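Report on the structure given below.
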Protein chains: 2
Amino acid sequence: MASKENPSVNKNCPVSATIRLIGGKYKALLLWHLTGQTLRFNQLHRLVPEATPKMLTQQLRELEEDGLISRTVYPVVPPRVDYSLTALGESLFPILEAMYRWGSALMQDEGLMPACTMTDSYSTTKKEQEDCPSCSCHARSKS
Amino acid sequence: MASKENPSVNKNCPVSATIRLIGGKYKALLLWHLTGQTLRFNQLHRLVPEATPKMLTQQLRELEEDGLISRTVYPVVPPRVDYSLTALGESLFPILEAMYRWGSALMQDEGLMPACTMTDSYSTTKKEQEDCPSCSCHARSKS
DNA sequence: CGGCATCCTTCGAGATACTG
DNA sequence: CAGTATCTCGAAGGATGCCG
């Protein structure tokens with residue numbers, strides 16, 4: 001088990017166990033972005049620009065060591081590394097979706113984010129969901 | 001908005017918004033313990049002993065400032081302060097429950113926590129749920 | 001492109017002591 | 001009981017430079 005984050009916290013509590021794995025500074029966000037799609041390092045960086053490359057690497061490595069994401073290195077030049085969810089990582093979807101829904105409702109109450117609703121086709125199949133145009137979540141980079 | 005935790009993170013993303021409010025070191029855990037019951041400071045401290053009183057106060061104050069919990073001070077001696085969830089805090093239940101379920105499944109896969117299942121009466125009414133004897137979650141302190 | 005190595009600064013958080 | 005006030009230290013994390 002990697003996760004240097006939250007080294008403390010009761011070892012017998014399921015909620016603590018979950019926090020230990022996804023409670024890192026950008027972990028839930030990274031997992032959310034990786035839900036339903038494979039992304040390269042720089043794509044993730046563009047989606048989470050406030051994380052420095054060093055932090056990104058660190059968080060991604062911990063997620064990998066905890067078996068939540070898989071990292072594929074292509075021996076080409078320039079280098080290419082793909083990140084995607086493992087089965088265990090995908091099983092986090094109910095949590096991430098609940099966080100997304102709650103945050104959406106909160107932001108709407110505050111008058112932000114007018115129309116960024118999650119398509120219900122996403123919640124079950126989560127294969128090729130629609131992008132979310134009014135926020136950067138799941139907006140595939142176009143450049 | 002209080003939450004000094006995660007000061008960065010994309011401002012337009014619902015998942016980030018959620019993390020900003022419940023992403024603190026012990027926040028989700030505290031909220032989980034407060035689900036369905038009012039607790040005093042020392043009760044919370046016993047349930048989360050790895051948090052120092054200072055940290056507890058800090059996290060609880062941020063949760064209060066963010067409108068997730070309410071803090072009631074009784075002007076008696078010895079002092080007494082009760083913490084409970086607000087309506088907004090209770091609306092986090094789907095997230096916390098998802099985290100609980102996922103963590104439970106993970107721990108069972110690892111051979112830990114033999115029989116700590118969440119009673120389904122809890123998931124909807126969440127009023128007077130059964131305690132969880134094999135872990136400290138929602139185990140009301142007896143002393 | 002996707003890192004890793006170093007240096008350096010900040011600040012999270014523990015320990016301890018005190019208070020209404 | 002439920003905190004607050006200091007002091008302190010180690011680690012989180014930013015900036016920079018180099019590399020395959």
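Letters A, B, ... mirror the listed sequences (proteins, then strands); counts begin at 1. This is a predicted model, so every value here is computed, not measured.
- With respect to B:Glu65 and B:Arg61, no salt bridge is recorded, no charged nitrogen being found less than 4.0 Å from a carboxylate O.
- With hydrogens and angles disregarded, a donor-acceptor distance shorter than 3.5 Å links the side chain of A:Thr86 to the backbone of A:Gly67.
- Here the P atom of nucleotide D:dA15 and the CG atom of A:Leu56 are 14 Å apart, to the nearest Å.
- The listed nucleotides are D:dG3, C:dC1, C:dG14; the one nearest the side chain of B:Tyr26 is C:dG14.
- Residue B:Pro79 is classed as a base contact, given a heavy-atom separation below 4.0 Å to a base.
- Taking 4.0 angstrom as the limit, A:Tyr83 places a side-chain polar atom (N or O) nearer than this to OP1 or OP2 of C:dG3.
- Among the nucleotides D:dG14, C:dG14, D:dA2, the one closest to the side chain of B:Met55 is C:dG14.
- The backbone N or O of B:Arg40 lies less than 3.5 Å from a partner atom in the side chain of B:Gln43, making a donor-acceptor pair.
- For the pair A:Ser104 (side chain) and B:Pro14 (backbone), a donor-acceptor distance under 3.5 Å is absent.
- Regarding contacts with the backbone of C:dG3, a side-chain N or O of A:Arg71 is found under 4.0 angstrom from either OP1 or OP2.
- One can place OH of A:Tyr74 at 13 Å from P of C:dG3, the figure rounded to the nearest angstrom.
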**OP:** Toss me the dot-bracket line for DNA chain C: Watson-Crick and G-U wobble, both under 3.5 Å, 5' to 3', using | for pairs to another strand and [ ] for crossers.
**Re:** .|||||||||||||||||||

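- Rounding to whole angstrom units, CG of residue B:Asn42 and C1' of D:dG3 are separated by 10 Å.
- To the nearest angstrom, C1' of C:dG2 lies 12 Å from CG of A:Asp82.
- Between the side chain of B:Lys54 and the base of D:dG3 there is no donor-acceptor pair of N/O atoms closer than 3.5 Å.
- For A:Gln58 and D:dA15, the CD to P distance is 15 Å, given to the nearest whole Å.
- In terms of the side-chain hydrogen bond (donor to acceptor under 3.5 Å, both in side chains) criterion, A:Thr72 has no residue partners (sequence neighbours excluded).
- Listed by chain and number, the residues in a side-chain hydrogen bond (donor to acceptor under 3.5 Å, both in side chains) with A:Thr57 amount to none (sequence neighbours excluded).
- Annotation: of the two residues near DNA chain D, A:Pro78 and A:Ala51, the 5′-most nearest-nucleotide partner is A:Ala51.
- Remark: C1' of D:dA12 and NZ of A:Lys25 are 8 Å apart, rounded to the nearest angstrom.
- Distance check, rounded to the nearest 0.5 Å: CZ of A:Arg46 to NE2 of A:His33 gives 12.5 Å.
- Between A:Arg61 and C:dG3, a side-chain N or O to OP1/OP2 separation shorter than 4.0 Å is present.
- The side chain of A:Thr52 places an N or O atom within less than 4.0 Å of a non-bridging phosphate oxygen (OP1 or OP2) of D:dG14.
- To the nearest 0.5 Å, atoms CZ (B:Arg71) and OG (B:Ser84) are separated by 12.0 Å.
- Within the 4.0 Å cut-off from OP1 or OP2 of D:dA2, at least one side-chain nitrogen or oxygen of B:Arg40 is found.
- Rounded to an integer number of Å, the gap from B:Arg80 CZ to C:dG20 C1' is 18 Å.
- In this structure, B:Gln59 atom CD and D:dT4 atom P are separated by 14 Å, rounded to whole Å.
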